[in-house]
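Here's the structure we're looking at; comments come further down.
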Amino acid sequence: MKNGLYGLDHSNRSQEEHWTKNCFNSSFPTALACYMMDHDIPAIYCHLDLNADGDLYVKTDTIDLHKVFNCDDLTSADLNFNFESSYPPYEKYVLNKTDIEKIDVVVTRNDVWRTPLAPLEVKLTVLPDSTTLVLPENEWGCEMVVRTATTAYMELGMFETLEKEHATKIFDIFNPICFGVQDWNNETELLVKYPHIRQAINEFEAKYFTYQKPLIMEPIWKTEGQSPMLSENTFDLVIWSDYAFSRLFLDFEPSKTSKSKKKLARPQRATLRMARILWELSRSRVGKIHLKSLMTDISLNNQTDKEFSIPGKKWRQYVNHERITTPQIKLADIDQILDKSKLKDLRPERRLDQSLFFLCRE
């Protein structure tokens, strides 16, 4: 662990950068994933499936982290981790490369070509959050806050997987409703057409969910309630596929208040953007789109830095696995994932930073 973190011998960050407040929250989770992969510990996996009635639902089981990194049988020593980078294979879909925001980590082969393998968004979350703290321990959950960049990578990734054989079929699904939208920044019109657009996405996902792939790497760390004290069973890793992740906003049901009938909520705007981008990609003659303008068109004069968030109670409805109550990685294993002597370099501004900072004084 020359950088003080397991598996991160090859990355675009210096040893010092890994331990700064804006980098540790993605460097440490990646080290955790490397440790689990090299020790054959699968991650919890949330992916889309069909139930016996043919309805879409998010299924929770496990996944080998080699599949998450898309690295076959390589080890972490064979990989390079580019933090806060864009994913080169998606650049072919945009007219302006700067339209693609940076994602938390891009996994590549550690070879002369730096062959791109996977783009992953990292969501470091604490268990429990404030909404589940008062519930029994086996009902605790995590709050997740999502950026617009995450949904953009989701849409580009979905299309890339299907483009060669299914672009025309994607167009056939979305064109009947999307072509009829006169103004994608007209809230009144979008409210009327929203149910039909959402239904088109459901049709799309029911047809293509078997093409899903990992997108979000969500490390969870468990504390004794909301104190900084870490639980004995401390860490685990939840992986969300792109299709499963989309259900966090697609399943949103607005309340029956008069306000919700006149305003589109954040999850609804994310739904509309998803449909439009997939439609625009499928119908583009040059195979490229103005991604940035498509992302901002449906902002409806709202902030676009945050796509949406879900509280722990809702999160727990999707992530149904026994390892949430008893995370796989124990506190005693921390010495194998990070060099505790480096913890003094942290500047405690988040709960995990604080917990680990005081751990180095034991």
Side-chain angles (χ1 to χ4, degrees), residues 6-7 25-26 28-49 51 57-69 76 104 118 120-146 212-245 247-248 310-338 351-352 355-356 359:
Y6 184 95
N25 59 331
S26 55
F28 171 73
T30 306
L32 174 65
C34 288
Y35 173 82
M36 292 175 66
M37 181 181 74
D38 289 348
H39 291 79
D40 297 321
I41 303 171
I44 301 165
Y45 188 39
C46 295
H47 56 104
L48 203 59
D49 204 348
N51 63 22
Y57 79 106
V58 175
K59 182 178 181 179
T60 307
D61 46 36
T62 60
I63 186 172
D64 185 331
L65 278 150
H66 289 90
K67 294 182 179 178
V68 177
F69 287 163
S76 60
D104 286 325
L120 296 167
E121 185 79 348
V122 179
K123 300 294 179 190
L124 180 60
T125 56
V126 62
L127 185 75
D129 76 334
S130 59
T131 68
T132 57
L133 174 63
V134 297
L135 299 177
E137 187 176 355
N138 63 356
E139 296 180 25
W140 283 0
C142 303
E143 179 188 26
M144 184 188 291
V145 179
V146 177
Q212 64 196 303
K213 57 182 180 290
L215 171 66
I216 293 179
M217 188 164 65
E218 182 192 6
I220 60 172
W221 52 281
K222 186 178 180 182
T223 58
E224 301 293 341
Q226 284 197 311
S227 78
M229 300 299 295
L230 295 168
S231 297
E232 179 183 354
N233 292 82
T234 314
F235 299 106
D236 218 318
L237 197 58
V238 179
I239 304 297
W240 294 78
S241 78
D242 42 11
Y243 283 69
F245 163 69
R247 303 315 302 186
L248 297 180
I310 63 165
K313 283 185 178 180
K314 182 175 180 181
W315 181 91
R316 200 66 173 84
Q317 294 173 12
Y318 292 95
V319 190
N320 183 22
H321 199 283
E322 60 185 12
R323 278 167 52 177
I324 302 304
T325 305
T326 310
Q328 193 79 0
I329 306 301
K330 295 182 179 295
L331 186 58
D333 299 325
I334 194 70
D335 287 331
Q336 300 179 61
I337 302 170
L338 56 78
R351 284 174 60 191
L352 179 59
S355 298
L356 292 174
L359 182 66

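These values consider heavy atoms only, across backbone and side chains, with no hydrogens, waters or symmetry-generated copies.
By the 4.5 Å heavy-atom criterion applied to side chains, Val238 and Ile324 are counted as neighbours. Residues Leu230 and Ile334 have side chains not in contact (no heavy-atom distance under 4.5 Å, counting atoms from C-beta outward). No side-chain heavy atom of Ile239 sits under 4.5 Å from any side-chain heavy atom of Lys67. Counting only heavy atoms from C-beta outward, the side chains of Ile44 and Thr60 approach each other to under 4.5 Å. The shortest distance between side-chain heavy atoms of Pro128 and Thr223 falls below 4.5 Å. In this structure, the side chains of Ile220 and Trp315 come closer than 4.5 Å at one or more pairs of heavy atoms. With contacts defined as side-chain heavy-atom distances shorter than 4.5 Å, the pair Glu143/Thr125 does not qualify. The side-chain heavy atoms of Pro42 and Ile63, taken from C-beta on, include no pair separated by under 4.5 Å.
Residues Pro29 and Leu124 share a closest heavy-atom pair of CG-CD1, 4.2 Å. For the residue pair Pro219 and Leu32, the shortest heavy atom distance occurs at CB-CD2, 4.1 Å. Across all their heavy atoms, Glu218 and Lys123 have their closest contact at CG-O, 3.1 Å. Contact detail for Tyr45 and Thr62: the closest heavy-atom pair is CB-C, 3.8 Å. Among all heavy-atom pairs drawn from Leu120 and Pro214, the shortest one is CD2-O, 4.2 Å. When all heavy atoms of Val319 and Cys46 are compared, the closest pair comes out as CG2-SG, 3.9 Å.
A donor-acceptor pair under 3.5 Å links the side-chain atoms of Thr234 to the main chain of Ser231, judged by distance alone. Side chain of Asp129 to backbone of Gly312: a donor-acceptor contact under 3.5 angstrom is found. Of the possible polar contacts, one joining the Trp140 side chain to the Leu135 backbone as a donor-acceptor pair under 3.5 Å is found. Between the side chain of Asn138 and the main chain of Thr325, no donor-acceptor pair closer than 3.5 Å is present. Judged by distance alone, the side chain of Ser26 and the main-chain N or O of Val122 form no donor-acceptor pair under 3.5 Å.
Results of the side chain to side chain donor-acceptor pair (under 3.5 Å) test with Ser241 over Arg247, His47, Gln212, Lys59 single out Gln212 as the only residue that passes.
Partners of Glu137 by salt bridge (charged side-chain N to carboxylate O under 4.0 Å, His left out), not counting sequence neighbours, listed by chain and number: Lys222. Considering only residues two or more places apart in sequence or on other chains, Lys313 meets the salt bridge (charged side-chain N to carboxylate O under 4.0 Å, His left out) condition with none of them. Applying the ring-ring contact (aromatic ring centres under 6.0 Å, His included) rule to Tyr35 yields the partners Tyr6, His39; only residues at least two apart in sequence or on another chain are considered.
A donor-acceptor pair shorter than 3.5 Å can be found between the side chains of Ser76 and Asp38.
Rounding to the nearest 0.5 Å places CG of Leu65 at 6.0 Å from CG of Leu237. How far OH of Tyr243 is from NZ of Lys213: 7.5 Å, rounded to the nearest 0.5 Å. How far CD1 of Ile216 is from CZ of Phe245: 4.5 Å, rounded to the nearest 0.5 Å. Taken from NE2 in His66 to CG in Asp40, the straight-line distance is 7.0 Å, to the nearest 0.5 Å. To the nearest 0.5 Å, the span separating CZ on Phe235 from CG on Leu331 amounts to 7.0 Å. The structure places CG of Asp49 at 8.5 Å from CG of Asp61, a figure rounded to the nearest 0.5 Å.
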Check against side-chain contact (heavy atoms from CB on, under 4.5 Å), Met36 and Asp236
CA-CA 9 Å; Met36 292 175 66; Asp236 218 318; 3.9 Å; yes
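In this structure, Glu232 places its CD atom where only 12 or fewer heavy-atom neighbours from other residues, nucleotides or ligands lie under 6.0 Å away.
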